[in-house]
Amino acid sequence: MNQVSEFVNMGDFYERNEVAIAKIRGQLFGAPLAHIETYGCQMNEHDSEKLRAMLTDMGYGTAEGFEDADFILFNTCCVRENAELRVFGNLGRVKHLKKSRPDIMVAICGCMMQQPHIVEELKKNYPYVDLIFGTHNLHDFPVLLERTMSEQKQVVEVLKDGSEIVEGLPAIRERSAKGYVNINYGCNNFCTYCIVPYTRGRERSRTPDSVVAEVAALAAGGTKEVMLLGQNVNSYGKELGVSFADLIERIDKETGIQRIRFMTSHPKDISERLIDVMAASKHICRQLHLPVQSGSDRVLRLMNRGYSIAKYKAAVEYARKVIPDIAISTDIIVGFPGETQQDFEDTLALVREIDYDSAYTYIYSRRTGTPAAEFSNQVPEDVKSERLRQLVDEINAGVKLKMQKMLGSVQEVLVEAVSKRSESLFMGRTSGGITCTVPVNECSIGDIVKIKITKARHFSLHGEVIDKIIEGDMV
């Protein structure tokens, strides 16, 4: 049974940190610059937004890269091995910078730090890292940084558990039109391949009032879309006696926000009531990210996922019946230990049947500390790579057809930012989550516009603005 979390208010946060912030300001000279390198999921991105706000309070400006920075912070992810390798590779780059500029400070935080063997490796082989802290220490970052500066030696502070939920932490949002909002933290599912329960801790939910208040404040400040975040949003509120459907219904009706998204949904906990709330809403986007991970019941049992393919397909069928235009996306892992060719064929068959609008595909990554890492029947790397290639080809073929079918249709798009493709284009997303570009002379960042699709690329669309949606007119 979950234990109700201890909540810490904004006054407590500043009581612990305001002295440290003032001391750091007093030690800084000129206009120092900080660079945050973020790896992993949207929750990590939102953590970096909070860290950036704290650094701003301390007097730091923003550096675009390592070379211009006086302070470098790595916010890490340990879900995939590739993310860890990138962190260590970039730490190597920083080592050379620190030789020429020994005054540069280097800190590392996030999920990787919740693994004792990683912390020991950093202490042993990367002594030039000044500060090491974990996911549960984020709210005390100013205190930890002040200690590092005053003691002039490496500081390591990693809490094993995160029972507290610190409300009201400041955040500098990456994009003014959209914002991330955490609704719960941690995970109780213990999938055999996943390290998250060991790094983010057990599930704990914010109160509905605190979430609704944050979303309402964002809407009042001009934010048009929120992404509600949790390792498993469908298990939100169990220890509080409320459900995720209750929460999202309140956000829809009480906050004035124009667009609502959420991730990630766990198939074992998704309810028909949540789908019904989505169908009745004018503001909840027509997108459901529902990670299946494998199309084989046998593999799902080995993964400890807690649902069958029949249950998964029933959830998708109900969503499409109630919301015919809903976009379904997923996560799939290939090469899980013991996965046979038949198991993989079952996954391909499921992909064809569901006909996903998009999918994130991964090769199984062995994570120290998880049960699957000790399974004896690991799949050879060449077999995993070939299966991934086949899976991606299958998914891409279906997505390409879906893009072509959207030519000539009218879509509602939130304009988010200048496109990386060209400065003459803005990029945004449809209600179903598809990336779309529009000419910059036809709208502004933050607009929600109706566009007619004129071009269909492999994974994105291009269109012309035919109307701007006035607040409250969304359907």
Side-chain angles (χ1 to χ4, degrees), residues 41-42 45-46 49 171-183 211 214-229 233 248 251-264 277-279 281-289 323 325-329 357-358 402-403 406 409-457 459-475:
C41 66
Q42 288 92 341
E45 291 178 32
H46 189 34
E49 291 178 341
I172 295 178
R173 312 280 173 172
E174 282 289 284
R175 291 177 178 170
S176 59
K178 59 186 296 186
Y180 295 125
V181 175
N182 291 116
I183 66 169
V211 176
E214 182 176 352
V215 175
L218 287 171
T223 299
K224 299 295 178 67
E225 176 181 302
V226 293
M227 172 72 83
L228 307 177
L229 298 176
V233 293
I248 203 167
I251 293 170
D252 176 47
K253 293 178 178 178
E254 300 177 22
T255 64
I257 199 73
Q258 287 190 265
R259 276 189 163 196
I260 304 165
R261 297 188 192 274
F262 56 88
M263 70 182 329
T264 294
V277 169
M278 293 177 67
S281 169
K282 292 183 177 180
H283 306 111
I284 301 174
C285 291
R286 273 31 185 172
Q287 181 184 18
L288 179 62
H289 186 70
I323 311 171
D325 62 340
I326 195 168
I328 306 291
S329 56
D357 293 84
S358 62
K402 285 180 177 288
M403 296 294 106
M406 296 184 75
S409 68
V410 175
Q411 302 290 325
E412 292 179 359
V413 172
L414 169 64
V415 181
E416 298 179 17
V418 176
S419 172
K420 294 179 180 179
R421 183 184 297 270
S422 169
E423 291 185 357
S424 65
L425 298 173
F426 283 139
M427 66 75 59
R429 284 178 176 80
T430 67
S431 179
I434 300 171
T435 300
C436 189
T437 57
V438 294
V440 296
N441 61 351
E442 295 183 358
C443 52
S444 301
I445 292 174
D447 286 345
I448 298 177
V449 294
K450 289 185 178 181
I451 67 168
K452 184 175 182 179
I453 303 302
T454 58
K455 293 180 183 177
R457 304 184 183 96
F459 300 106
S460 64
L461 303 168
H462 178 80
E464 299 173 352
V465 176
I466 59 175
D467 194 16
K468 179 178 176 181
I469 296 174
I470 300 171
E471 189 171 342
D473 286 351
M474 289 175 55
V475 293

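If you read the sequence from its start, that first residue is 1, and numbering goes on from there.
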Subject >> Pair His289-Thr264, side-chain donor/acceptor within less than 3.5 Å >> reply: no
Original post:
Under a 4.5 Å cut-off applied to non-hydrogen side-chain atoms, are Ile466 and Val410 in contact?
Top reply: yes
Original post:
With a 4.5 Å heavy-atom cut-off, do Glu412 and Arg259 have their side chains touching?
Top reply: yes
**OP:** Only counting residues at least two apart or in another chain, list the ones meeting side-chain contact (heavy atoms from CB on, under 4.5 Å) with Thr255.
**Re:** Val212, Val215, Ala216, Ile251, Ile257
Original post:
Can you name the ring-ring contact (aromatic ring centres under 6.0 Å, His included) partners of Phe262, sequence neighbours left out?
Top reply: Phe244
Original post:
How far does CD1 of Ile248 sit from CG of Leu228, to the nearest 0.5 angstrom?
Top reply: 5.5 Å
Original post:
Nearest 0.5 Å, what's the CE-CD1 distance between Met427 and Ile445?
Top reply: 10.5 Å
**OP:** Test Cys443 against Lys468 for side-chain contact (heavy atoms from CB on, under 4.5 Å), laying out the working first.
**Re:** CA-CA 8 Å; Cys443 52; Lys468 179 178 176 181; over 6 Å; no
**OP:** Only counting residues at least two apart or in another chain, list the ones meeting ring-ring contact (aromatic ring centres under 6.0 Å, His included) with His46.
**Re:** none
**OP:** Check the side chains of Tyr180 and Glu45 for a donor-acceptor pair under 3.5 angstrom, ignoring hydrogens and angles.
**Re:** yes
Subject >> Leu229 versus Val233, closest heavy-atom pair with distance >> reply: C-CG1, 4.0 Å
Original post:
Who passes side chain to side chain donor-acceptor pair (under 3.5 Å) against Ser424, sequence neighbours left out?
Top reply: Ser422
Original post:
Is there a donor-acceptor pair closer than 3.5 Å between any side-chain N or O of Asp357 and the backbone N or O of Ile328?
Top reply: yes
Original post:
Excluding sequence neighbours, so at least two apart, what forms side chain to side chain donor-acceptor pair (under 3.5 Å) with Glu416?
Top reply: Arg175, Arg429
**OP:** Kindly check if the number of other-residue, nucleotide or ligand heavy atoms within 6.0 Å of CD (Glu464) is above 12?
**Re:** no
**OP:** To the nearest 0.5 Å, tell me how far Arg286 CZ sits from Met278 CE.
**Re:** 7.0 Å
Under 3.5 Å, side-chain donor or acceptor atoms of residues 432-442 against the rest of the protein: list the pairs with distances, not counting sequence neighbours.
| residue | atom | partner | partner atom | Å |
| --- | --- | --- | --- | --- |
| Thr437 | OG1 | Arg457 | NH1 | 3.4 |
| Thr437 | OG1 | His462 | ND1 | 2.8 |
| Glu442 | OE1 | Val465 | N | 2.8 |

Original post:
Could you state the interatomic distance from CG (Leu288) to CE (Met263), rounded to the nearest 0.5 Å?
Top reply: 10.0 Å
Original post:
Between atom CD of Gln258 and atom CG of Leu414, what is the distance when rounded to the nearest 0.5 Å?
Top reply: 8.5 Å
Original post:
If you measure from OG on Ser409 to CG on Asp325, what distance do you get to the nearest 0.5 Å?
Top reply: 11.0 Å
Original post:
What closest approach, in Å, do Gly446 and Ala177 show between heavy atoms, and which atom pair accounts for it?
Top reply: CA-CB, 3.9 Å
Original post:
Shortest non-hydrogen contact from Ser431 to Cys285?
Top reply: O-CB, 3.3 Å
Original post:
How far apart are the C-alpha atoms of Met227 and Lys178, what are their side-chain angles, what is the distance that settles it, and do they pass the side-chain contact (heavy atoms from CB on, under 4.5 Å) test?
Top reply: CA-CA 8 Å; Met227 172 72 83; Lys178 59 186 296 186; 5.8 Å; no
